[in-house]
Amino acid sequence: MMTLLYTSDLERGRIWREIFADEAADVGFADPADAPDPATIRYLAAWNPSVELIATLPALEILFSIGAGIDQFDMSRLPPHVRVVRMIEPGIAQGMVEYVTMAVLALHRNLIDHGIAQRKERWVPIKLTPASQRRIGVMGLGNLGQAVLGALRPFGFPLSGWSRSAHAVEGVDCFAGAAALPTFLSGCDILICLLPLTDETRGILCRETLAQLPRGAGLINVGRGGHLVEQDLLSLLDDGHLSGAVLDVFDPEPLPQGHAFWAHPRIIMTPHVASMTRADSAARALIANIRRHQSGAPMEGEVARDRGY
Ligand SMILES: O=C(O)C(=O)CO
């Protein structure tokens with residue numbers, strides 16, 4: 001018997017257990033309360049497993065992240081032979097598409113300025129900018145970046161994308177690598193960060209990069225709080241270079257009481273809810289990956305551990 005040990009949210013675990021029983025009965029589904037025999041545990045599905053837990057799993061082959069990100073894992077404490085897989089499932093993409101579309105339209109339709117005027121009881125119509133004149137740029141062209149670009153296309157925004165390695169996305173002006181970053185940034189009226197958090201991308205949203213956006217640009221950060229240098233954003237908002245930001249992720253989370261973001265008139269904040277793993281579709285994505293692994297096929301979302309994504 002091979003076992004998948006699941007160590008996350010109980011409600012999702014209940015749904016996963018049923019789906020595994022119906023659709024993958026050969027893979028034993030266990031949570032810690034089942035006290036499975038460690039020698040049978042080949043798969044671990046977890047958000048942030050402790051080093052102590054990993055040390056008790058001699059047969060562990062694959063660590064499946066419950067979420068899209070894997071930056072919460074301490075790779076240096078994970079045995080080198082253990083493979084790491086991100087969660088790629090349609091529920092996460094759907095949630096991200098909804099959130100980013102909402103945020104883009106909020107910035108595009110001047111919701112921040114209208115909110116400021118509303119709180120002052122001022123009637124201030126703002127002339128509309130056609131979508132064809134609002135350039136949107138996405139940093140990170142993986143599964144989520146591409147889903148977001150696909151959803152924004154029908155509005156008629158000119159779209160561009162930037163990533164570390166070259167990508168081709170239909171209808172999107174794609175840029176790759178550090179040398180192309182300034183050109184990409186100078187053409188983004190709204191910048192969306194959907195990058196993985198790695199040593200290379202930590203702090204990438206800083207004064208140097210954000211100042212290259214056109215004056216009046218807006219920022220949407222749905223990557224990780226660690227991408228953003230908070231003081232740089234605040235000073236660019238306060239000096240008017242940036243007109244607004246929609247932030248879903250912070251470092252640390254929860255954002256501490258009294259932090260300048262909470263009450264900033266040009267920041268719309270949400271508490272890391274842009275997207276969440278959907279239980280049923282994620283269970284099926286995980287089973288599909290286990291099947292790929294069993295047949296020797298490449299798994300969807302496997303991480304190059306040395307690269308960090
Ligand atoms: O899936 C992820 O990585 C998340 O951030 C969950 O909210």
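Whatever order the structure lists ligands and atoms in, that order sets their numbers, starting from 1.
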Is the closest basic N to carboxylate O distance between Arg266 and Asp238 below 4.0 Å? no

Taking only heavy atoms of Ala68 into account, list the atoms of ligand 1 that are under 4.0 Å away from them. 1 (O), 2 (C), 3 (O)

Quiz question: by atom type and distance under 3.5 Å, do the side chains of His167 and Gln146 form a donor-acceptor pair? no

Any nitrogen or oxygen of Ser275 lying under 3.5 Å from a nitrogen or oxygen in ligand 1? Just yes or no. yes

Ignoring angles and geometry beyond distance, decide whether Gly69 reaches within less than 3.5 Å of ligand 1 through its nitrogen or oxygen atoms. yes

So the side-chain hydrogen bond (donor to acceptor under 3.5 Å, both in side chains) pairs with at least one residue in residues 176-196 (sequence neighbours excluded) are Arg135-Asp189

With heavy-atom distances below 4.5 Å as the criterion, would you say the side chains of Trp123 and Pro125 are in contact? yes

May I ask you to say whether Asp71 pairs ionically with Arg86, meaning some side-chain N is under 4.0 Å from a carboxylate O? no

Which of the numbered atoms in ligand 1 are below 4.0 angstrom from a heavy atom of Arg224? 2 (C), 3 (O), 4 (C), 5 (O)

Tell me which part of His272 gets within contact of ligand 1: side chain, backbone, both or neither, using heavy atoms under 4.0 Å. side chain

